[in-house]
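Remember, it's 1-based here, ligands and their atoms both numbered in the order they're listed.
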Amino acid sequence: MTDNSLLQVERVTKTYATAAGALTVLHEVSFALGGGESCAIVGPSGSGKTTLLGLCAGLDEPTTGTVRLAGQSLQGLAEDDRARVRNESVGFVFQNFQLIPTLTALENVLIPLDLRAGRADAGAERLARELVDRVGLGPRMHHYPLQLSGGEQQRVALARAFINRPRILFCDEPTGNLDGDTARAMVDLIFGLNRERGTTLVLVTHDLELARLTGRILRLRGGRVIADEPT
Ligand code: ADP
Ligand code: MG
């Protein structure tokens with residue numbers, strides 16, 4: 001497991017400086033995931049799930065400990081280099097989607113490629129259209145985020161996370177804002193893309209039914225891993 005691991009998290013601690021003093025929200029968290037595996041991170045609100053996901057994806061740096069993505073340690077990299085690793089290997093679906101309001105659905109999906117290549121070429125645009133179709137938003141391709149429902153925005157965020165063919169996809173509460181049918185459609189998409197492309201999945205969720213669809217459940221409480229078990 002350790003030598004073919006795509007994601008290796010070793011004794012990661014995160015401490016924030018707050019007005020009330022140092023606040024440690026993750027305590028020596030360790031786990032590893034191999035290529036194509038899937039894992040759910042569950043735990044009560046405030047237990048550190050979003051913080052851990054951000055550290056794994058290289059969006060933020062741990063206070064101590066290391067995160068290795070595809071064999072590369074994210075610590076000690078300059079922000080530009082971390083951004084490059086993120087852009088080449090990582091897809092991220094944020095809890096609140098983070099779509100750019102002045103760009104259409106299709107343009108939002110192209111953002112990661114624009115960052116990498118300078119501008120999207122015809123092949124990139126074709127892939128973006130395919131992904132937008134795939135999430136069922138072909139007819140909404142030219143809509144702006146405000147012209148989309150919450151569930152539709154979430155699906156745009158998912159299409160965007162797949163545009164750079166990430167080796168690993170991080171989703172923060174991917175069904176948190178969705179009703180039953182829309183949530184199921186989102187889950188089918190995530191696992192469908194996982195199967196077809198062998199994308200490694202890390203999902204933060206409150207939904208135990210969703211968590212059980214992954215290969216493994218990591219339980220957090222108070223910033224500590226209290227269980228790490230196969231499903
Ligand atoms: P979860 O996603 O499990 O609900 P979070 O990872 O968002 O939990 O937050 C874990 C804890 O860290 C919470 O108590 C939260 O208030 C705190 N926290 C998160 N970000 C910051 C920050 N930038 N500064 C100080 N405290 C933070
Ligand atoms: Mg959260």
Side-chain angles (χ1 to χ4, degrees), residues 7-33 38-69 74-75 77 79 82-83 86 90-99 145 150-151 153-158 160-161 166 168-180 182-183 186-187 189-191 194 200-229 231:
L7 174 67
Q8 291 172 288
V9 177
E10 278 166 20
R11 302 180 67 174
V12 159
T13 293
K14 182 70 181 178
T15 302
Y16 290 113
T18 71
L23 177 68
T24 298
V25 303
L26 288 175
H27 303 265
E28 306 237 331
V29 171
S30 300
F31 70 101
L33 269 187
S38 61
C39 157
I41 300 173
V42 303
S45 176
S47 58
K49 304 182 299 295
T50 294
T51 303
L52 178 59
L53 210 62
L55 294 175
C56 291
L59 294 167
D60 193 6
E61 284 192 289
T63 308
T64 61
T66 54
V67 176
R68 270 190 215 94
L69 253 184
L74 297 180
Q75 273 63 58
L77 288 184
E79 171 51 27
R82 251 190 314 136
R86 247 185 354 249
V90 173
F92 204 99
V93 180
F94 295 91
Q95 204 165 358
N96 50 4
F97 327 136
Q98 299 203 6
L99 300 181
Q153 291 183 41
Q154 201 147 25
R155 283 184 275 156
V156 174
L158 182 65
R160 179 178 62 184
I168 185 162
L169 175 69
F170 297 94
C171 295
D172 200 352
E173 312 253 11
T175 58
N177 302 286
L178 307 179
D179 59 60
T182 320
M186 183 81 176
V187 168
L189 274 168
I190 291 172
F191 284 92
N194 160 254
T200 302
L201 278 185
V202 186
L203 309 178
V204 163
T205 185
H206 279 301
D207 178 350
L208 284 183
E209 219 174 293
L210 169 56
R212 280 193 212 102
L213 295 176
T214 68
R216 181 158 153 210
I217 301 182
L218 200 70
R219 281 175 205 283
L220 285 188
R221 176 158 298 190
R224 292 174 207 277
V225 177
I226 57 163
D228 177 359
E229 290 161 349
T231 49

If you have a sec, work out which protein heavy atom is nearest [atom] and how many Å separate them, to one decimal?
atom	value
atom 8 (O) of ligand 1	G48 N, 3.3 Å
atom 19 (C) of ligand 1	Y16 CE1, 3.7 Å
atom 7 (O) of ligand 1	T50 CB, 3.7 Å

| Any G43 heavy atom less than 4.0 Å to ligand 1 |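 The answer is no, since G43 has no heavy atom less than 4.0 Å from ligand 1.
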| Can a non-hydrogen atom of P44 be found less than 4.0 Å from any atom of ligand 1? |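 Heavy atoms of P44 do come under 4.0 Å of ligand 1.
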| Within the structure, does at least one protein heavy atom fall under 4.0 Å of atom 22 (C) of ligand 1? | yes
| query | Distance below 4.0 Å between atom 16 (O) of ligand 1 and any protein heavy atom? | reply |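 Neighbour list for atom 16 (O) of ligand 1 is empty of protein heavy atoms (cut-off 4.0 Å).
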Answer yes or no: is there a side-chain heavy-atom contact under 4.5 Å between [X] and [Y]?
X	Y	answer
F92	L59	yes
L7	T200	no
L53	V202	yes
R216	L33	yes

| Which of the atoms of ligand 1 are close to T51, meaning less than 4.0 Å from one of its heavy atoms? | 5 (P), 6 (O), 9 (O)
| request: Considering the heavy atoms of V25, write down every atom of ligand 1 situated less than 4.0 Å from one of them. | output: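 Counting from 1, the qualifying ligand atoms are 11 (C), 12 (O), 17 (C).
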| Do any nitrogen or oxygen atoms of L23 lie less than 3.5 angstrom from nitrogen or oxygen atoms of ligand 1? | no
| query | What protein atoms of element N, O or S are positioned under 2.8 Å from the Mg ion (ligand 2)? | reply |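 Atoms qualifying: T50 OG1.
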| query | Does the pair E209 and R212 meet the rule for a salt bridge (Lys or Arg N to Asp or Glu O under 4.0 Å), with working shown? | reply | CA-CA 5 Å; E209 219 174 293; R212 280 193 212 102; over 6 Å; no
Interatomic spacing from [atom1] in [X] to [atom2] in [Y] - rounded to 0.5 Å:
X	Y	atom1	atom2	value
L218	F31	CG	CZ	5.5 Å
R160	Q153	CZ	CD	10.5 Å
Y16	D60	OH	CG	5.5 Å
E173	T50	CD	OG1	6.5 Å
S38	I190	OG	CD1	11.0 Å

| message | Could you work out, for atom 14 (O) of ligand 1, the closest of G223, G222, S47, G46 by heavy-atom distance? | response | G46
| field | Counterpart residues, side chain to side chain contact (heavy atoms under 4.5 Å, CB included), relative to T24 (two or more places apart) | value |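 By the side chain to side chain contact (heavy atoms under 4.5 Å, CB included) rule, T24 matches T13, T15, H27.
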